[in-house]
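Everything on this sheet refers to the single structure shown next.
Nothing fancy with the numbering, it's 1 onward along the sequence. This one's a predicted model, so the numbers in the text were calculated from it and none came from an experiment.
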Amino acid sequence: MRDVVQVHITADLPIRSRTLAYADRVEIRLGKAFPVALIIDRPVLAQLSDALAAGRAELEQADKKKEQG
């Protein structure tokens, strides 16, 4: 079984992005002292964005269910 790395992203966590045009990638850095860097190839950006949007929509649906019942 493969190990899993979990990064808890909170409202106060610094998030910075940088374009790596020469490599056709985007770098997302999370944190300050010991940052975690996500290196994302251009073809995957839409897929990552869709996954985040789907997660957000599910959270909003869960909130609506809480309000109703």
| Quick one: do Ile39 and Leu52 end up in the same hydrophobic cluster if we chain Ile, Leu, Val, Met, Phe, Trp and Tyr together by side-chain heavy atoms under 4.5 Å apart? | no
| Honestly curious: do Leu20 and Leu30 fall in one hydrophobic cluster under the side-chain, below-4.5 Å linking rule? | no
| Within the distance-only criterion (no hydrogens, no angle test), does the side chain of Arg29 pair as donor or acceptor with the backbone N or O of Leu38 below 3.5 angstrom? | no
| query | Which atoms form the tightest heavy-atom contact between His8 and Leu13, and what is the distance? | reply | O-CD2, 4.3 Å
| Partners of Asp12 by side-chain hydrogen bond (donor to acceptor under 3.5 Å, both in side chains), sequence neighbours excluded? | Thr10
| query | Just wondering, are more than 12 heavy atoms of other shown residues or ligands nearer than 6.0 Å to CZ in Arg16? | reply | yes
| query | Taking only residues two or more places apart in sequence or in another chain, which ones pass side chain to side chain contact (heavy atoms under 4.5 Å, CB included) with Val5? | reply | Val7
| request: Run the salt-bridge test on Glu60 and Lys64 with the 4.0 Å N-O cut-off and return the result as yes or no. | output: no
| field | Interatomic spacing from CD1 in Ile40 to CG in Asp24 - rounded to 0.5 Å | value | 12.5 Å
| task | Enter the distance from Thr19:OG1 to Glu27:CD here, rounded to the nearest 0.5 Å. | result | 10.0 Å
| field | Distance in Å, Asp41 CG paired with Gln47 CD, rounded so as to fall on 0.5 Å steps | value | 11.0 Å
